[in-house]
Amino acid sequence: MARHLITSALPYINGIKHLGNMVGSMLPADVYSRYLRQRGHDVLYICATDEHGTPAELAAKEQGLPVDAFCAQAHDAQKAVYDGFELAFDYFGRSSSPQNREITQHFARRLNENGFIEERAIRQVYSPADGRFLPDRYVEGTCPHCGYDKARGDQCENCTRVLDPTDLINPRSAISGSTDLEVRETKHLFLLQSKLQHEVEEWVARHEEEWPQLASSIARKWLTEGLHDRAITRDLDWGVPVPADTWPELAAEGKVFYVWFDAPIEYIGATKEWSDQDPENRDWKSWWYEADDTVRYTEFMAKDNVPFHTVMFPATELGVREPWKKVDYVKAFNWLTYYGGKFSTSQKRGVFTDHALDILPADYWRYFLIANAPESDDSSFTWEHFTATVNKDLADTLGNFVNRVLSFSKKRFGEEVPAGAEAGEAEAKLGEEIAGLLAEYETQMEALQFRKAAAALRALWSAGNSYLEEKAPWLEIKTNPEGAALTLRTAMNLIHLYSVVSEPFIPASSRAMRSAFALPDDTATWVTPAEAKSLNSVPAGTPFTVPPVLFAKITDEDLETYKERFGGAPE
């Protein structure tokens, strides 16, 4: 089986993330990782907190904490939320790790040796009120391209254009708010991306036809506009320091690498963190070095991160002139909005991941988000849509099927799977239908088409309900008890099948369904379409229990409570 390396965009350290962040990177990566593991592949799913740069320093300042202490606490807080969502990372690291520092400095030295880093004097914003140079995110102002008045000095989050602080209209210090800003000369390191343009174009050309249109179009747009040399150092107290053995003057000034230089390298750094925990059994380099023929590398990210991963980081890897693994497939997502508007922490609008888990179990969110993933365009979260999806798909279609089959069988035939008659034409027809739907589900999962995969999974659940309605064992039992027992036995086999193939989407509910049956040798990790046809993995005589209700319906009262707490449509 293949070896699959999977990474999702690193969440910034400055605060718990909203649902859009979850569905745009980490959750689909988890669903795909789980699926691949179930199919027998060797999978390594790596992520980490992105801890450097101004967001960390500003957030630490707001809380009155040293930045290292703040990052340690915030990392644990984020990890707790991701554990709550059952994100099955093989390792969730930290970009402030010694491993990332070591590898980032190695990359910088190699780029310098190969002529792709240059020291340049630049004019940079200086704040007399703060007594320091202001790195890009320490300067806020109005975007010259779209007019957004809260643009940062590195990027406008509204139109996603990359900026320099001096591009901003009416700039101000993000530290003090002072508009008394000066421009002074200082020195920084520049990555000479312009010298790598042709190589990056050739590399993208070899991959872009396989990538989703969203990823390839963004990469091509950047290349068409031309790659520019960009500063990769900043004046910050927190970050990977410039190595003194190569740039002693800049090191003495306390320069650190720009967060978007070291953050993608943390994918490698976090893998080394993972490996260093058990070096006798884990080899981090086998995943990253000279691994083109042995590893399939898939990245998951929202569209604002695509340029960094399809152009800038590949340029870095190419310039190092070492055989580091580059991404094979970029799964890019559009944005999840809240009633068509932006999630906003300051305005208390939208659902953030910790609050989501406060009100409902993770499986409700996992299923809804993946079933409505913003793949082809932006999608909007509304409480009405969420409620309708949960009630129809999870509570009615799946949960009700499981509960009524097991409850009715226990009431009429006891606590063991009934034997009943031999399978007949209806069961053969059902087996063929299930095999076809399962094959479709596999096809869409392999293609990383998550909404289509969710539709195929939903169709699998619906097939069970259609079979049950057709056979109507509550009527059948009156005249044909053996036939009713066959219907229930077949339905129980469907429940077990659902427990296996639904696991990437709803792991906790899948465990509950699977544990309902006391099968001593239940070690199957997947059910193939051919195996699914027979529907006989749970034999007659198997003890079973009725699990608690898998999914409770969201009531009208619940809906109003949620809208009042989290806000409805933005004005």
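At least one side-chain heavy atom of S8 sits less than 4.5 Å from a side-chain heavy atom of Y45. Using a 4.5 Å heavy-atom threshold, the side chains of W247 and I117 count as touching. Within the 4.5 Å cutoff, no side-chain heavy atoms of K325 are placed close to those of W287. A 4.5 Å side-chain heavy-atom check between T298 and V327 finds every atom pair outside the cut-off. A 4.5 Å side-chain heavy-atom check between L10 and T49 finds every atom pair outside the cut-off. Counting heavy atoms from C-beta outward, S380 and L336 have side chains that stay 4.5 Å or more apart. Side-chain atoms of H188 and Y258, non-hydrogen and from C-beta on, never get closer than 4.5 Å to each other. Residues H228 and F190 fail the side-chain proximity criterion, which asks for heavy atoms closer than 4.5 Å.
Put simply, the residue from F308, Y12, F313 that forms a ring-ring contact (aromatic ring centres under 6.0 Å, His included) with W260 is F308.
Using bins of under 30°, 30° to 60° and over 60° for the plane-to-plane angle, the ring pair H52/W238 lands in the perpendicular bin. Taking the six-membered ring where tryptophan is involved, the planes of Y32 and F300 are tilted, since the angle between them lies from 30° to 60°.
A cation-pi geometry, defined here as NZ or CZ lying under 6.0 Å from the six-membered ring centre and within 45° of its normal, does not hold between K331 and Y329. Taking the ring axis of Y148 as reference, the NZ or CZ atom of R161 does not stay both within 45° of it and closer than 6.0 Å to the ring centre. A cation-pi arrangement is found for K303 relative to W335, the charged atom lying closer than 6.0 Å to the ring centre and inside a 45° cone about the ring normal. Stacking of K79 on the aromatic ring of Y82 is not recorded, the 6.0 Å distance cut-off and the 45° axial limit not both being met. Taking the ring axis of Y126 as reference, the NZ or CZ atom of R184 stays within 45° of it and closer than 6.0 Å to the ring centre.
Taking the charged nitrogens against the carboxylate oxygens, R94 and E51 do have a contact shorter than 4.0 Å, which makes a salt bridge. Under 4.0 Å is where a charged nitrogen must lie from a carboxylate oxygen, and between K563 and E384 at least one such pair does. Under a 4.0 Å N-O distance rule, the pair K150/E140 does not qualify as a salt bridge. The pair R101-E266 does not count as a salt bridge, with every side-chain nitrogen at least 4.0 angstrom from each carboxylate oxygen. A salt bridge links R109 with D245; the closest basic N to acidic carboxylate O contact falls under 4.0 Å. Salt-bridge annotation for R366 and D30: present, with a side-chain N of the basic residue lying under 4.0 Å from a carboxylate O of the acidic one.
Across every non-hydrogen atom of V295 and S286, the tightest pair is CG2-O, 3.9 Å. Between N14 and F70, the closest heavy-atom pair is CA-CZ, 4.2 Å. Nearest heavy atom pair, residue W365 against residue V351, reads CH2-CG1, 4.2 Å.
Ring-centre distance between F257 and F261: below the 6.0 Å cut-off. When ring centroids are compared, F386 and F381 come within the 6.0 Å threshold.
A 6.0 Å sphere centred on CD of E209 holds no more than 12 heavy atoms belonging to other residues, nucleotides or ligands. Annotation for E564: atom CD does not count as buried by contact number, only 12 or fewer foreign heavy atoms lying within 6.0 Å. Atom CD of Q213 sits in a sparse spot, with 12 or fewer heavy atoms from other residues, nucleotides or ligands closer than 6.0 Å.
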Is there a side chain to side chain contact (heavy atoms under 4.5 Å, CB included) between T246 and Q105? Walk through the geometry before answering.
CA-CA 10 Å; T246 309; Q105 291 180 339; over 6 Å; no
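One finds the SG atom of C159 at 6.5 Å from the NE2 atom of H145 (value rounded to the nearest 0.5 Å).
Checked by atom type and distance alone, the side chain of N114 pairs as donor or acceptor with a backbone atom of R110 at under 3.5 Å.
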